[in-house]
Amino acid sequence: MLVPVSVFAFAPSDDHGIKMAGQGLGQSIPQAQDLSVDPGWLVYGFERDGMDYFQVNDLAGHVHIVIGNAAGTFWVLPAGDPSAKVSLPEQRLPVPAKATRTVVYRASAFMLVRYASGADVLWAVEAP
């Protein structure tokens with residue numbers, strides 16, 4: 001007999017006690033805690049083999065971007081919107097002119113920020 005177990009039961013946590021899921025990355029509605037600080041977005045955290053992954057979904061469940069992080073090195077996974085532009089600490093992209101800045105996720109080590117100017121959107125990993 002199988003007993004369902006929450007994915008949070010054995011999930012590691014990030015550096016400030018938030019439970020990171022061990023599975024569900026890429027799903028539109030993963031069984032993971034929403035870590036977003038902006039009610040207009042959903043951010044899910046995952047951990048596997050010592051690497052962290054942060055998936056950003058809109059409220060309809062569409063995956064926009066997935067960011068990987070290992071010991072402060074960030075990269076973009078080939079998931080979500082293929083046209084999404086992401087600025088990383090090691091590879092900065094210019095912010096769109098007259099863009100509105102919105103912090104979507106905040107941790108002690110980094111923030112995930114969305115810059116939007118009309119249809120021009122840039123996601124950015126920034127220092128807090």
Side-chain angles (χ1 to χ4, degrees):
M1 177 191 219
L2 295 175
V3 178
V5 177
S6 167
V7 294
F8 302 117
F10 302 107
S13 66
D14 72 356
D15 60 355
H16 56 281
I18 295 174
K19 296 297 180 189
M20 304 281 275
Q23 58 187 2
L25 183 65
Q27 296 177 354
S28 61
I29 305 172
Q31 293 292 313
Q33 180 179 356
D34 175 21
L35 307 176
S36 178
V37 295
D38 183 307
W41 294 94
L42 302 167
V43 177
Y44 302 108
F46 302 90
E47 191 279 334
R48 184 171 183 167
D49 299 327
M51 294 183 210
D52 296 334
Y53 303 94
F54 297 89
Q55 174 178 314
V56 179
N57 290 16
D58 61 26
L59 297 179
H62 298 110
V63 179
H64 283 255
I65 62 169
V66 179
I67 304 292
N69 176 22
T73 299
F74 295 89
W75 64 94
V76 181
L77 275 69
D81 180 357
S83 65
K85 295 182 287 185
V86 182
S87 180
L88 302 173
E90 299 84 14
Q91 184 180 1
R92 289 277 173 220
L93 298 177
V95 172
K98 299 182 182 178
T100 302
R101 181 178 187 269
T102 304
V103 175
V104 177
Y105 171 77
R106 182 187 320 260
S108 61
F110 75 97
M111 295 184 304
L112 185 55
V113 179
R114 182 178 185 267
Y115 291 94
S117 179
D120 196 7
V121 174
L122 173 72
W123 293 93
V125 174
E126 299 180 350

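This chain uses plain numbering: 1 for the first residue, then up along the sequence.
The two residues A109 and P128 have their closest heavy-atom pair at O-CD, 3.7 Å. The two atoms that bring A97 and S117 nearest to each other are O-OG, 2.9 Å, heavy atoms only. Residues Q55 and V63 approach most closely at NE2-CG2, 3.5 Å, considering heavy atoms.
No continuous path of hydrophobic side-chain contacts links V103 to F54 [ILVMFWY only; heavy atoms under 4.5 Å]. Two different hydrophobic clusters hold V113 and L88 under the rule that ILVMFWY side chains link at heavy-atom gaps under 4.5 Å. Note: the hydrophobic cluster containing L42 does not contain V37 (ILVMFWY, side chain heavy atoms under 4.5 Å, direct or indirect links). When hydrophobic clusters are built by joining Ile, Leu, Val, Met, Phe, Trp and Tyr residues whose side-chain heavy atoms come closer than 4.5 Å, directly or via intermediates, W41 is grouped together with F110. Hydrophobic clustering, with ILVMFWY side chains joined whenever heavy atoms are under 4.5 angstrom apart, keeps V95 apart from V86.
No donor-acceptor pair closer than 3.5 Å links the side chain of S36 to the backbone N or O of V43. Of the possible polar contacts, none joining the S87 side chain to the A124 backbone as a donor-acceptor pair under 3.5 Å is found.
With contacts defined as side-chain heavy-atom distances shorter than 4.5 Å, the pair V56/Y105 does not qualify. Between L77 and I67 there is no side-chain heavy-atom pair separated by less than 4.5 Å. Y44 is not listed as a side-chain neighbour of L35, based on a closest heavy-atom distance of 4.5 Å or more.
Going from atom NE2 of H64 over to atom CG of N57 covers 7.5 Å, rounded to the nearest 0.5 Å. The structure places OH of Y115 at 8.0 Å from CG of L122, a figure rounded to the nearest 0.5 Å. Between the CH2 atom in W75 and the CE atom in M51 there is a gap of 5.0 Å [rounded to 0.5 Å]. The distance from atom CG of D81 to atom CD1 of I65, rounded to the nearest 0.5 Å, is 10.0 Å.
Each of R114, R92, R106, R101 was evaluated against E126; a single residue qualifies, R101, per the salt bridge (charged side-chain N to carboxylate O under 4.0 Å, His left out) test.
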